[in-house]
Amino acid sequence: GEDVEQSLFLSVREGDSSVINCTYTDSSSTYLYWYKQEPGAGLQLLTYIFSNMDMKQDQRLTVLLNKKDKHLSLRIADTQTGDSAIYFCAVTYALNFGKGTSLLVTP
Amino acid sequence: NAGVTQTPKFQVLKTGQSMTLQCAQDMNHEYMSWYRQDPGMGLRLIHYSVGAGITDQGEVPNGYNVSRSTTEDFPLRLLSAAPSQTSVYFCASSPLSGADGDEQFFGPGTRLTVL
């Protein structure tokens with residue numbers, strides 16, 4: 001399968017910005033996705049970016065895509081304790097998920 | 001719409017027992033899939049289906065069977081449960097429309113323990 005790599009843990013203080021990074025190998029993906037999983041729940045689509053875009057902003061979320069380096073990032077501005085969750089990067093019709101980054105937001 | 005529903009939410013089996021995890025969606029989605037989630041392993045695709053009557057293997061299909069007799073239902077069968085199948089199982093569906101971004105909609109999960 002395709003390789004999708006993410007760092008496993010990230011800890012930030014409330015009010016700071018969080019940046020979650022992802023690298024992938026499949027360059028044919030039309031869309032690249034970020035999913036959020038809250039404790040005890042399934043995954044929910046957070047945002048996605050079309051492969052011909054470099055950036056997408058949606059309220060506190062900013063997605064950056066560097067196709068040359070096959071690097072995707074999710075920036076959460078003014079991170080809140082409610083943002084604590086596992087964030088998954090996914091490509092290729094979301095068939096291929098990274099292992100997920102556990103974001104811990106401390107007061 | 002109820003979205004993607006999974007039953008049961010929790011299940012404990014003994015080694016060698018069989019069971020079926022149920023998954024249903026009411027969004028008329030063509031694509032359905034099963035994942036297992038294990039600590040430190042992320043989501044791994046077990047089986048998937050691109051429409052009624054069509055199924056295919058994912059990354060970790062061994063020990064699991066699936067069928068897709070209707071668009072709505074995609075059950076996952078464990079024929080002889082093993083402790084290695086202790087995991088949280090997620091079912092997901094997608095319209096596979098391409099233009100809509102192919103968001104996958106996930107069920108709430110089934111937590112399975114095999115003793």
Side-chain angles (χ1 to χ4, degrees), chain A residues 1-10 20-26 28-53 56 58 61 63 65 72 74 85-104, chain B residues 2-10 21 23-25 27 29-51 55-61 87-112:
Chain A
E2 309 300 339
D3 287 333
V4 181
E5 299 290 337
Q6 297 178 243
S7 54
L8 293 182
F9 299 103
L10 177 65
I20 301 171
N21 295 302
C22 170
T23 58
Y24 58 95
T25 59
D26 177 19
S28 66
S29 296
T30 303
Y31 296 93
L32 299 98
Y33 309 82
W34 284 104
Y35 282 81
K36 178 182 180 182
Q37 183 183 31
E38 297 187 351
L43 280 70
Q44 283 191 307
L45 181 67
L46 193 61
T47 187
Y48 65 90
I49 188 167
F50 191 51
S51 60
N52 70 351
M53 297 171 64
K56 178 180 179 180
D58 183 2
L61 305 177
V63 179
L65 175 61
L72 183 72
L74 173 70
I86 303 176
Y87 292 82
F88 290 91
C89 169
V91 301
T92 319
Y93 291 132
L95 292 179
N96 300 293
F97 287 83
K99 288 184 168 57
T101 299
S102 291
L103 174 64
L104 176 64
Chain B
V4 180
T5 57
Q6 290 184 240
T7 55
K9 288 189 176 181
F10 301 94
L21 280 63
C23 174
Q25 52 91 8
M27 297 173 282
H29 287 171
E30 290 296 324
Y31 179 87
M32 295 186 74
S33 57
W34 277 102
Y35 295 88
R36 59 177 291 173
Q37 184 178 27
D38 303 291
M41 301 295 290
L43 285 170
R44 291 184 291 171
L45 183 65
I46 304 172
H47 285 285
Y48 65 97
S49 168
V50 298
T55 64
D56 207 346
Q57 296 181 350
E59 182 185 354
V60 289
S87 186
V88 181
Y89 291 85
F90 289 100
C91 179
S93 73
S94 168
L96 259 186
S97 60
D100 292 338
D102 291 336
E103 172 186 357
Q104 287 214 69
F105 295 81
F106 283 82
T110 294
R111 187 174 296 273
L112 175 68

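Only this structure's heavy atoms are used, side chains among them; waters, hydrogens and symmetry mates stay out. In what follows, chains are A, B, ... by sequence order, proteins preceding strands, each numbered from 1.
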Report summary line: d(B:Tyr35 OH, A:Phe97 CZ) to nearest 0.5 Å is 4.5 Å
Query raised in the report: Does CZ belonging to B:Arg44 count more than 12 external heavy atoms closer than 6.0 Å?
Result: yes
Report task. With rounding to the nearest 0.5 Å, note down the distance linking CD in B:Gln37 to NZ in A:Lys99. Result -> 12.5 Å
Query raised in the report: Pick from A:Gly40, A:Gly42, A:Ser102: which one has the most heavy-atom pairs with chain B under 4.5 Å?
Result: A:Gly42
Query raised in the report: Take atom CZ in A:Phe50; do more than 12 heavy atoms of anything else shown fall under 6.0 Å from it?
Result: yes
Query raised in the report: Do side-chain atoms of A:Tyr33 reach the backbone of B:Gln104 as a donor and acceptor pair under 3.5 angstrom?
Result: no
Requested in this report: Heavy-atom distances under 4.5 Å only: say whether A:Gln6 touches chain B with side chain, backbone, both or neither.
Outcome: neither
Report summary line: Per-residue tally against chain B (heavy atom, under 4.5 Å) across A:Leu45, A:Leu8, A:Leu43 peaks at A:Leu43
